[in-house]
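Not measured: the values here are computed from a predicted model.
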Amino acid sequence: MDRGVGLTFGVEEEFHLLNPATGRLAPGARQLLAAFGAHDVFGLPNQEFQQAMVETATPVCHDLTELRQALVATRTTLIRAGDQVGLWIAAAGTVPDCGIVTAPVYPDERYRRISDEYRRLAVEQQVCACQVQVGVPDEELAFHLIRRIRGWLPVLLALSGGSPFFQNQDTGYASYRAVVLSRWPTSGPMPLFADRAEYHRRIDKLIEAGVIGDYGMIYYDVRPSQRYPTLELRIADACPLLDDVLLIAALARALVVTAAEEEERGDPIPDVADELLRGATWRAARSGLRGKLVDAVAGEAVASKDLVRRFVRHVRPALEASGDDAYVDEALLDLAKRGTSAERQRRALSAGKGMHKVTASIVAETRTFSEK
């Protein structure tokens with residue numbers, strides 16, 4: 001295996017900005033960014049499409065301990081800045097207010113063009129993701145690895161599902177963020193491309209046809225990064241709890257490393273039908289870890305806990321090689337006990353204190369972390 005695969009990884013987190021008094025989205029990105037003044041803090045924070053959101057990015061990390069320290073640092077700095085300017089910071093796929101408020105687009109010419117072209121899709125693009133960048137130094141290799149990992153990606157969505165509410169209603173989904181995102185022309189499971197050249201040729205055609213404006217509008221569940229020598233796994237909802245972010249990152253890296261080892265051995269590429277993969281992604285968004293999911297690799301419906309076991313068994317050697325196996329096993333047990341973010345949000349609502357209670361619970365979890 002190319003030993004460069006998976007030696008580095010990092011996480012980009014997107015956050016909602018909220019008014020503490022109302023729990024509603026607040027267009028405070030410019031105010032928040034201004035609070036940093038001239039301080040140069042790596043990756044913290046960056047503007048996002050709408051002014052009620054910001055994004056952070058960790059530096060390049062090599063293990064989970066380093067990644068945890070980086071995430072603690074970025075969240076701490078962001079939350080302190082939010083406190084300074086009177087904003088709540090919430091990491092979740094959606095908050096209840098999403099899809100209602102027409103938050104101003106961040107004053108950027110590219111964002112304005114997207115807003116003008118896509119209209120309602122842009123208005124309702126009030127969703128946040130947790131994106132994992134896994135080091136893959138060869139872009140040509142990256143396309144071979146995508147063929148091998150794509151069938152497993154819905155499991156990461158099911159584990160991270162944390163966007164049950166949209167427009168102040170329970171959507172019935174664990175991840176309604178995935179549904180909102182699926183309406184864009186280049187979203188969902190990535191189509192199969194023979195190689196790097198075909199990928200660029202076909203994407204260039206979409207740009208020439210005016211379907212998308214640039215490569216930054218490739219919103220597939222996985223894509224080669226345009227900026228770094230990485231594969232970018234984009235399918236997961238933003239996670240309030242830091243332990244869940246680390247779980248998703250560890251599994252994502254192990255999945256890519258496993259694919260690289262398969263590629264080196266010349267193992268057969270899984271025959272995953274596009275329609276089944278899209279169905280598996282929808283089912284993960286709909287059900288989360290409740291009921292059955294679709295194993296797109298085996299081509300069958302299975303209980304969610306069994307599919308998670310299959311996933312972990314598939315990547316176990318990579319987890320053991322990195323020393324992440326014990327953490328992942330414990331984190332999965334914890335997640336099973338407390339439930340996904342979507343489940344916890346619904347429990348907060350059932351307490352009878354309304355949607356503000358839901359938002360407050362997300363904010364509290366976003367603030368709950370410590371050095372380990």
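Using a 3.5 Å distance cut-off with no hydrogens or angles, the side chains of Gln69 and Thr65 do not pair a donor with an acceptor.
Distance alone, capped at 3.5 Å, places no donor-acceptor pair between the Thr230 side chain and the Gln133 backbone. The closest donor-acceptor contact from the side chain of Ser361 to the backbone of Val358 lies under 3.5 Å. The main-chain N or O of Ala236 is never found under 3.5 Å from a side-chain atom of Ser160 such that the two would form a donor-acceptor pair. Side chain of Gln345 to main chain of Gly162: a donor-acceptor pair is present (N/O by atom type, distance under 3.5 Å, no hydrogens or angles). Using a distance-only test at 3.5 Å, with no hydrogens or angles considered, a donor-acceptor pair links the side chain of Ser187 to the main chain of Leu181. Of the possible donor and acceptor atoms, none in the side chain of Gln84 sits under 3.5 Å from a partner among the backbone N and O of Arg80. A donor-acceptor pair under 3.5 Å is formed between the side chain of Thr186 and the backbone N or O of Met217. For the pair Ser322 (side chain) and Leu319 (backbone), a donor-acceptor distance under 3.5 Å is present. Looking only at distances, a side-chain donor or acceptor of Thr58 sits under 3.5 Å from a matching main-chain atom of Val11. Panel note: side chain Thr171, backbone Tyr176; no donor-acceptor pair is recorded below 3.5 Å.
His16 is listed as a side-chain neighbour of Cys128, based on a closest heavy-atom distance under 4.5 Å. Counting heavy atoms from C-beta outward, Phe15 and Leu32 have side chains that stay 4.5 Å or more apart. For the pair Glu14/Val54, no side-chain contact is recorded, criterion being any heavy-atom separation below 4.5 Å from C-beta on. Looking at heavy atoms from C-beta onward, Leu64 lies in side-chain contact with Phe9 at the 4.5 angstrom threshold. Taking 4.5 Å as the limit, some side-chain heavy atom of Pro185 sits within range of a side-chain heavy atom of Tyr118. Side-chain contact check for Leu246 versus Leu71: some heavy-atom pair is nearer than 4.5 Å. By the 4.5 Å heavy-atom criterion applied to side chains, Leu233 and Gln131 are not counted as neighbours. Residues Gln226 and Glu232 have side chains not in contact (no heavy-atom distance under 4.5 Å, counting atoms from C-beta outward).
Electrostatic pairing of Asp306 and Arg309 counts as a salt bridge here, judged by a charged N lying under 4.0 Å from a carboxylate O. Between Glu124 and Arg183, at least one side-chain nitrogen of the basic residue sits less than 4.0 Å from a carboxylate oxygen of the acidic one, meeting the salt-bridge criterion. Ionic pairing of Asp329 and Arg316 is present here: one or more N-O contacts between side-chain nitrogen and carboxylate oxygen are shorter than 4.0 angstrom. In this structure, Arg290 pairs ionically with Glu343, as a charged nitrogen and a carboxylate oxygen lie closer than 4.0 Å. A salt bridge links Asp237 with Arg177; the closest basic N to acidic carboxylate O contact falls under 4.0 Å. Glu139 and Arg227 are not joined by a salt bridge, as no carboxylate oxygen comes within less than 4.0 angstrom of a charged side-chain nitrogen. Look at Asp63 and Arg253 and you find no salt bridge, because none of the NZ, NE, NH1 or NH2 atoms lies under 4.0 Å from a carboxylate O. Salt bridge annotation for Asp221-Arg150: absent, with no cationic side-chain nitrogen under 4.0 angstrom from a carboxylate oxygen. For the pair Glu198 and Lys205, the salt-bridge criterion is not met [side-chain N within less than 4.0 Å of a carboxylate O].
Remark: Ile100 CD1 to Leu25 CG distance equals 9.0 Å, nearest 0.5 Å. Going from atom CH2 of Trp88 over to atom CZ of Arg367 covers 9.5 Å, rounded to the nearest 0.5 Å. Distance check: Ile235 CD1 to Leu153 CG gives 5.0 Å after rounding to the nearest 0.5 Å. Tyr199 OH to Ile218 CD1: the interatomic distance, rounded to the nearest 0.5 Å, is 5.0 Å. For the atom pair Leu242 CG and Thr366 OG1, the distance stands at 10.0 Å (nearest 0.5 Å). Between atom CG of residue Leu192 and atom CD1 of residue Ile146 there is a gap of 9.5 Å, rounded to the nearest 0.5 Å.
Contact between Glu320 and Asp325 at its shortest, heavy atoms only, is CG-OD2, 3.7 Å. The two atoms that bring Ala280 and Ala296 nearest to each other are CB-CB, 4.0 Å, heavy atoms only. Taking all atoms of both residues into account, the shortest heavy-atom contact from Val328 to Ala250 is CG2-CB, 3.8 Å. Closest approach of Ala254 and Ala318 over heavy atoms only: O-CB, 3.6 Å. Gly288 approaches Ser304 most closely through the heavy-atom pair O-CB, 4.4 Å. Of all heavy-atom pairs spanning Ala178 and Ala285, the tightest one is CB-CB, 3.8 Å.
Summarising the local packing, CD of Glu330 is surrounded by 12 or fewer heavy atoms from other residues, nucleotides or ligands at distances under 6.0 Å. Crowding of Asp271 atom CG: a count of heavy atoms from other residues, nucleotides or ligands under 6.0 Å not exceeding 12.
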Check your understanding: Could you go step by step and tell me if Val294 and Leu277 meet the side-chain contact (heavy atoms from CB on, under 4.5 Å) rule?
Key -> CA-CA 8 Å; Val294 177; Leu277 179 54; over 6 Å; no

Check your understanding: Does the pair Phe143 and Val136 meet the rule for a side-chain contact (heavy atoms from CB on, under 4.5 Å), with working shown?
Key -> CA-CA 10 Å; Phe143 286 97; Val136 179; over 6 Å; no

**Study point:** side-chain contact (heavy atoms from CB on, under 4.5 Å) evaluation trace for Tyr215 with Asp204
**Key:** CA-CA 8 Å; Tyr215 275 77; Asp204 286 345; 2.8 Å; yes

Exercise for review: Tell me, with the steps shown, if Arg75 and Glu13 meet salt bridge (Lys or Arg N to Asp or Glu O under 4.0 Å).
Suggested key: CA-CA 9 Å; Arg75 284 199 178 196; Glu13 292 193 278; 2.6 Å; yes

**Study point:** Residues Arg24, His356; criterion side-chain contact (heavy atoms from CB on, under 4.5 Å); working and verdict
**Key:** CA-CA 8 Å; Arg24 303 194 69 186; His356 191 282; over 6 Å; no

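Judged by a 6.0 Å distance limit and a 45° cone about the ring axis, Arg286 is positioned over the six-membered ring of Tyr173.
Between Trp184 and Tyr219, the ring-plane angle classifies as perpendicular under the 30° and 60° cut-offs.
Linking ILVMFWY side-chain heavy atoms closer than 4.5 Å, directly or via other members, places Val155 and Val179 in two distinct hydrophobic clusters. Note on Leu141 and Val134: same hydrophobic cluster, where clusters join Ile, Leu, Val, Met, Phe, Trp and Tyr whose side-chain heavy atoms are under 4.5 Å apart, directly or indirectly. Placement of Val180 and Leu17 in two distinct hydrophobic clusters is found when ILVMFWY residues are connected by side-chain heavy-atom separations under 4.5 Å, directly or transitively. Phe166 and Leu121 fall into different hydrophobic clusters, where Ile, Leu, Val, Met, Phe, Trp and Tyr side chains are chained together by heavy-atom contacts under 4.5 Å. Side-chain heavy atoms closer than 4.5 Å link hydrophobic residues (I, L, V, M, F, W, Y) into clusters, and following such links, possibly through other members, connects Leu289 to Leu255.
Taking the six-membered ring wherever Trp is involved, the centroid distance between the rings of Phe193 and His200 does not fall below 6.0 Å.
Each of Arg196, Glu263, Glu262 was checked for a side chain to side chain contact (heavy atoms under 4.5 Å, CB included) with His144, and the lone residue meeting it is Glu263.
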